[in-house]
Amino acid sequence: MRRDFADRDELIRYLKVEFADATALDDHVSSTRGGRAAAERTLEKIDPPRYAATRNNLRGKVSRLSAYIRHGVLSLAEVRDKALDMVRSWRDAEKFVNELAWRDYWQRVYAQIGDQVWIDREPYKTGFAASDYADDLPADIEHGTTGLVCIDAFSQELRETGYLHNHARMWLAAYIVHWRRVKWQAGARWFLTHLLDGDPASNNLSWQWVASTFSHKPYIFNRENLERNTERAYCKICPLYRRCDFEGDYASLERKLFPRKPVDEDWGDRFPPARRNGRKGGRR
Amino acid sequence: MSELIVWVHGDCLSPTNPALAAYQDAPAIFVFDEALIASWRLSLKRIVFIYECLLEMPVVIRKGDVAEQLTRFAERHEARRIVTTPSPSPRFKEICAALQQKFELEIIASEPFLDYSGKLDLARFSRYWQTAKKHLFE
């Protein structure tokens, strides 16, 4: 295949012809550039202490390195070294390195189980059986026409940029699996089509974590959590504000979403009021 | 004639790829796996991203059936050995198994994130992290 292109537009025109089927699925191109040079520029901008303090917020100082790491443009080892070089004490980079470790962990699981990443690792802990979940992604989610401003914006961003902040991925996944009762596999396939960093290990196993087929509990969120971690960007313009599907405290949302599930006695401990970030905001 | 070729795949798209670094003069190739792109339903933006990575690397770019394209490329260079980097993906294992029918395969890993060969409990991340943390920060 060709290697000589005057500019990015010419490359894109060429690839649209050479990969007509992929283009027919979705022809957006990300503003994130491929290549080692772009990866190194992005690596220079990481800030591990600020990452730890702000990573749950959509405007927080996240690294944007995921696509480069997924495709080995940067190795996890060199990103780890860079993070540790930038801080005086390793503790200031611990959270950043911990998140790199998730990638290493998913890769190790993938090496063990291979294509079984597409199969429920464990039963759902929602009171429902896998057969209670729909097989296909609803069209209003795929096209971003649910009427929920946050969900529609995440859908659009995914399709147009090939990237979503981790917290947005979790919210969108929880909405699909728990609010719409759709199998996580349908969502995982959709993400894989669009994410520049999509790979069946991190992607599917994270979906399984949200679904509760690879964790002890289903991950859910509420409007308050989303509103705070998005600087109100979506809620303040949403016509459904204060009456959307995500309204309410966690205990009442759980009763509504999982009516067959036994009452969870340690629910209160799971989201300490001081930091109701959705399991400390992370993916655990 | 060349003794070996380097196979670059989608899990190591860096000019610092250790297989390329070990054999700088060897012909190198990347093949877009058309069956995989179709089965994963990848869209254009991923192809563009990967292609931009490849344009910074000294590789010949092809598309089609990976094992078939690699075989053709190796035969044209009269190579008996194919050198590449590891991947946990089952697809990679399949392709390697096909290549090993005809070629000697060498897999060179880059520096690991966690250099630990003892037992790791992968049932939950928290258990993995308990062990990993000690080795990463000590």
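Predicted model, so just to flag it, every value in this text is computed and none were measured. Per chain, numbering begins at 1; letters A, B, ... match sequence-line order.
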Task: residues 47-65 of chain B: residues contacting chain A (heavy atom under 4.5 Å, by number) - done: B:I47, B:V48, B:F49, B:I50, B:Y51, B:E52, B:C53, B:L54, B:L55, B:E56, B:M57, B:V59, B:I61, B:R62, B:K63
Task: Check: A:R80 side chain, B:F113 main-chain N or O, donor-acceptor pair, under 3.5 Å - done: yes
I'd like a table of donor-acceptor pairs (distance under 3.5 Å, sequence neighbours excluded) in which one partner is a side-chain atom from residues 125-136 of chain B, with atom names and distances.
residue: B:R127; atom: NH1; partner: B:D121; partner atom: OD2; Å: 3.3
residue: B:Y128; atom: OH; partner: A:D104; partner atom: OD2; Å: 2.5
residue: B:K133; atom: NZ; partner: A:E94; partner atom: OE2; Å: 2.9

Task: Top contributor to chain A interface from B:P15, B:G10, B:S110, B:P86 [non-hydrogen pairs under 4.5 Å] - done: B:G10
Open item on the list: If I compare all heavy atoms of A:F214 with all of B:A123, which pair ends up nearest, and what's the gap?
Closed with: CE1-O, 3.3 Å
Open item on the list: If I measure from the heavy atoms of chain A, does B:T16 come under 4.5 Å with its side chain, its backbone, both, or neither?
Closed with: side chain
- [ ] Not counting sequence neighbours, which residues clear salt bridge (charged side-chain N to carboxylate O under 4.0 Å, His left out) with B:D115? List them please.
- [x] none
TODO: Please identify each residue that fulfils side chain to side chain contact (heavy atoms under 4.5 Å, CB included) with B:A19, with sequence neighbours left out.
DONE: B:V6, B:N17, B:V83, B:T85
TODO: Can you tell which part of B:F92 gets under 4.5 Å to a heavy atom of chain A, answering side chain, backbone, both or neither?
DONE: neither
Open item on the list: Apply salt bridge (charged side-chain N to carboxylate O under 4.0 Å, His left out) to residues A:D27 and B:K45 and explain how you reach the verdict.
Closed with: CA-CA 7 Å; A:D27 67 354; B:K45 48 192 164 308; over 6 Å; no
- [ ] Please confirm whether the backbone N or O of A:T193 pairs with a side-chain atom of B:S43, one donor and one acceptor, at under 3.5 Å?
- [x] yes
Open item on the list: For the backbone of B:L120 and the side chain of A:R108, can you confirm whether one donor and one acceptor N or O come within less than 3.5 Å of each other?
Closed with: no
TODO: Please report the shortest heavy-atom distance between A:R70 and B:W40, naming the atom on each side.
DONE: NH2-CZ3, 3.8 Å
Open item on the list: Is it the case that over 12 heavy atoms from other parts of the model lie below 6.0 angstrom from the CG atom of A:D81?
Closed with: yes
TODO: Heavy-atom distances under 4.5 Å only: say whether A:L15 touches chain B with side chain, backbone, both or neither.
DONE: both
- [ ] Sort out for me which of A:A101, A:G114, A:G198 touches chain B most, counting heavy-atom pairs under 4.5 Å.
- [x] A:A101
Task: Which atoms of A:D4 approach chain B - backbone, side chain, both or neither, heavy atom under 4.5 Å - done: neither
Open item on the list: Please rank B:A38, B:S87, B:S89 by heavy-atom pairs under 4.5 Å with chain A and give me the top one.
Closed with: B:S89
Open item on the list: Quick check on the interface: out of B:L122, B:L114, B:L42, B:I37, who has the most heavy-atom pairs with chain A under 4.5 Å?
Closed with: B:L122
Open item on the list: Counting heavy-atom pairs closer than 4.5 Å to chain B, which one of A:L100, A:I12, A:L84 comes out on top?
Closed with: A:L100
